[in-house]
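Comments concern the structure below.
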Amino acid sequence: MLDINLIREDPEVVRTSMRVRQMDPAPVDAVLALDSERRVLLAQSEKLKAERNAVSKEIGRAKDSAGREARIEAMRSVGDQIAVLDDQLREVDGKLHEAISIIPNIPDPSVPVGPDEHGNVVIRTVGEPRTFDFTPRPHWELGVDLGIINFDQGVKITGSRFYVLSGAGARLQRAIIAFFLDLHIRQGYREQYTPFMVKSETLFGSGQLPKFRDNLYKDHEEDLWMVPTAEVPLTGLHMDEILDEARLPLRYTAYTPCFRREKMSAGRDVRGIKRGHQFDKVEMYIYAKPEESQAEHARMLADAEETCRALGLTYRVVQQCTGDLSFASHITYDLEVWAPGVGEWLEVSSVSNVGDFQARRANIKYRPADGGRTRYLHTLNGSGLGMPRTLIAVMENYQTKEGSIQVPEVLSPWMGGIDRISIP
RNA sequence: GGAGGGAUGGCCGAGUGGCCUAUGGCGCCUGUCUUGAAAACAGGUGUGGGGCAACCCACCGGGGGUUCGAAUCCCUCUCCCUCCGCCA
């Protein structure tokens, strides 16, 4: 959520930011109109309340019943006026909140302007795409032949875009998750195990609601939603808190499954395990002081890159342009790994600094050590790699001519002696 | 699922309709005293909003209501505790 003062004082900055995001800036004008309407009503209501408070105090002190009755009668009508004004105020407040809630974060000035993902900029490529003396096969062939991915069973028990990992495939994914978590712990993040379901308020805090309701799964009778990313519960951990400056930065890591309806991507990436309604992810999350968030962003990006290097994957760092930048983000770098079987760079991580955008929505502040006013802090989030795509990259990069998969050395502690997955 | 009890400032805890619209204590900050510290004493110490300002408004778990006036009375929801039942 943006600061209402910013919208009030410099609406053109906000309009411009929406335009470069390929959005209609009309909500800005709605916010301005509602905001001035609100302030007029608020001033009227508060003036009457001040009067009522003062007179009510006199009534409490008054001894003569005649004076009391006259004042009580006068205040009755003042009370009625206040009720009318407060009803209007409530309505305007609700509309204002709704309008300001759908305005996206302002991109950092360094974010390249572009229409969509085609405007993203490759910052650097690390490693060379692996060469093969045979034609590398896609994971959906390898996985089925090796008996470690079963698409039919996923569809049978749940539906399209679901699959089952079996035997060494399931174990390989678990090994990658455990490896990532342990790596992030060494990098200085504290592991969290959170609920996988959250209430609406929590989703509002991280920015998924109200705008992206259609992409979420919801319990049909309770106020409970399945998390689309660990970023949601991790933002919620300190909702409505004022943290002491000495506690910052707070660095968390969490494994969660992620649930997404993928309504906007119907028909895309239908083959394989690249885009499912359920996938696993290990996330990094940082609460930082504003002046430190840029350095923390660089650190988090380096920590995410380390996961790719440790797995021996060729990757590139891509900066998202304004047209691709997610709703809450101020600046985002993606990590894309090369998958030779499907022949494409797969987005396995997005590392974002959202500034105070989520902190405002979730009401998370900190108290400076010098005792100054409380301030909103900054939050950052980044995947320590999303699972199915990392799994795809590992399978396709480590495949052999015989159709088996060599297990990366770093995963051996979790693989129980399996160093190669072969056709049974 | 049933019955009962709770939720008040950083923490503990008083407050059942006006009498400073939150007593008191702990903690914290400042000052006095002291070579310094402790102790003692005095003062201060929540969040948000509106206003150039003086100041005003709101907030006692959330929401709604009664009243001239609500932390206090009523309704409702959430969460916590105790007991009973059921159960992975």
Side-chain angles (χ1 to χ4, degrees), chain A residues 1-9 31-101 193-205 209-210 218-225 233 236-248 250 356-377:
Chain A
M1 191 146 66
L2 295 182
D3 185 354
I4 180 67
N5 291 304
L6 171 71
I7 303 175
R8 207 182 274 158
E9 285 157 23
V31 166
L32 291 173
L34 289 163
D35 177 53
S36 55
E37 193 180 342
R38 186 188 86 99
R39 280 190 293 171
V40 169
L41 290 168
L42 189 64
Q44 291 174 356
S45 167
E46 286 193 353
K47 195 177 163 213
L48 292 175
K49 281 178 183 169
E51 184 189 348
R52 182 179 68 182
N53 286 346
V55 175
S56 290
K57 215 175 278 185
E58 286 172 23
I59 293 170
R61 279 193 296 262
K63 292 283 177 278
D64 64 302
S65 59
R68 278 176 65 102
E69 279 312 313
R71 284 176 174 140
I72 287 174
E73 188 53 44
M75 284 309 101
R76 219 189 300 274
S77 83
V78 169
D80 291 344
Q81 292 175 57
I82 290 173
V84 171
L85 286 169
D86 279 355
D87 279 347
Q88 292 173 13
L89 197 53
R90 213 191 322 267
E91 194 188 328
V92 170
D93 246 334
K95 285 182 184 167
L96 176 60
H97 188 251
E98 206 173 303
I100 201 168
S101 295
Y193 171 84
T194 71
F196 301 155
M197 302 176 88
V198 295
K199 54 184 177 176
S200 307
E201 197 187 340
T202 310
L203 280 156
F204 180 86
L209 285 180
K218 186 186 188 304
D219 181 286
H220 74 288
E221 45 189 19
E222 309 274 347
D223 177 31
L224 283 178
W225 307 67
L237 290 182
H238 295 291
M239 197 156 59
D240 294 320
E241 287 185 24
I242 300 171
L243 302 167
D244 286 331
E245 179 177 346
R247 291 183 67 187
L248 301 176
L250 281 170
D356 64 9
F357 192 80
Q358 287 175 333
R360 280 181 191 283
R361 295 176 81 100
N363 189 30
I364 309 167
K365 299 182 171 183
Y366 75 99
R367 192 183 307 284
D370 65 12
R373 285 187 69 79
T374 58
R375 300 170 67 196
Y376 288 109
L377 43 72

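Below, read A as the first sequence line, B as the second, and so on, with proteins coming before strands; counting in each chain starts at 1.
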Sub-3.5 Å donor-acceptor pair from the side chain of S77(A) to the main-chain atoms of A74(A), do we have one? yes

Between G25(B) and U76(B) - P atom distance, rounded Å: 39 Å

Test your reading of the model: is there a side-chain donor-acceptor pair from R52(A) to the backbone of R76(A), 3.5 Å cut-off? no

Nearest-Å distance once atom P is located in both G49(B) and A53(B): 14 Å

Look at the side chain of D223(A) and the backbone N and O of S200(A), then say whether any donor-acceptor pair between them is shorter than 3.5 Å. yes

Is there a side-chain contact between R39(A) and the phosphate of G49(B), meaning an N or O under 4.0 Å from OP1 or OP2? no

Do the side chain of T202(A) and the main chain of V198(A) share a donor and acceptor less than 3.5 angstrom apart? no

Euclidean distance for C1', A54(B) against C68(B) (whole angstrom): 28 Å

Distance between the C1' atoms of A22(B) and A71(B), in whole angstroms? 8 Å

RNA chain B: stems of at least 3 consecutive Watson-Crick or G-U pairs, cut-off 3.5 Å? B:1-7 with B:78-84, B:10-12 with B:24-26, B:27-32 with B:40-45, B:46-50 with B:55-59, B:61-65 with B:73-77

Pick base, sugar-phosphate or nothing for A43(A), based on heavy-atom distances below 4.0 Å to the nucleic acid. nothing

Find the distance E201(A):CD to G63(B):C1' and express it as a whole number of Å. 13 Å

Taking the same atom, P, in G9(B) and in G4(B), what whole-Å distance lies between them? 27 Å

Testing G49(B), C68(B), C56(B) for proximity to the side chain of I72(A), the answer is C68(B)

Could you state the CZ-P distance from R38(A) to G49(B), rounded to the nearest angstrom? 9 Å

Give me the distance, rounded to whole Å, that separates G15(B) from U72(B) when you measure between the P atoms they each carry. 15 Å

What is the distance, to the nearest angstrom, from the CG atom on L42(A) to the C1' atom on A58(B)? 9 Å

To the nearest Å, how far apart are D86(A) CG and C59(B) P? 10 Å

Proximal nucleotide (of C57(B), G18(B), U47(B)) relative to the S56(A) side chain: G18(B)

Nearest nucleotide by nearest heavy atom, which residue falls closer to the 5' end of RNA chain B, E73(A) or Y376(A)? Y376(A)

Contacts of I242(A) and N53(A) projected onto RNA chain B by closest heavy atom; the upstream (5') one is I242(A)

To the nearest angstrom, the CG-P distance between N5(A) and G48(B) comes to 13 Å

Could you check whether R8(A) gets within reach of a base, just the sugar-phosphate, or nothing at all, counting any heavy atom under 4.0 Å? sugar-phosphate

Show the nearest heavy-atom pair for residues A362(A) and M239(A), with the distance to one decimal. O-CG, 3.3 Å

side-chain contact (heavy atoms from CB on, under 4.5 Å) involving E91(A) - partner list, sequence neighbours excluded: K95(A)

Picking from G64(B), C56(B), U47(B), the nucleotide nearest the side-chain atoms of R90(A) would be G64(B)

Side chain of R76(A) - closest among C68(B), G49(B), U47(B): C68(B)

Distance between C1' atoms of G48(B) and C60(B) (Å, rounded): 15 Å

Can you figure out which of A58(B), U47(B), C56(B) approaches the side chain of E46(A) most closely? C56(B)

Taking it one step at a time, do K49(A) and D86(A) satisfy salt bridge (Lys or Arg N to Asp or Glu O under 4.0 Å)? CA-CA 11 Å; K49(A) 281 178 183 169; D86(A) 279 355; 3.2 Å; yes

Taking the side chain of K365(A) as its heavy atoms from C-beta onward, which of G48(B), A58(B), G51(B) lies nearest to it? G48(B)

To the nearest angstrom, how far is E241(A) atom CD from U47(B) atom P? 16 Å

Please report the distance, rounded to the nearest Å, between CG in D87(A) and P in G65(B). 7 Å

Among G69(B), G50(B), G46(B), the nucleotide that comes nearest once only the side chain of R52(A) is considered: G69(B)

Rounded distance in Å - CG (D240(A)) to P (C59(B)): 18 Å

Looking at T374(A), I'd like to know whether one of its side-chain N or O atoms comes within less than 4.0 Å of OP1 or OP2 on G48(B). yes

Could you tell me how far U82(B) sits from A14(B) if I compare only their C1' atoms? Round to whole Å. 24 Å

Count the heavy atoms of every other residue, nucleotide or ligand shown that sit under 6.0 Å from CD of E98(A), and state whether that count exceeds 12. no

Is the centre of the Y366(A) ring less than 6.0 Å from the centre of the H238(A) ring? no

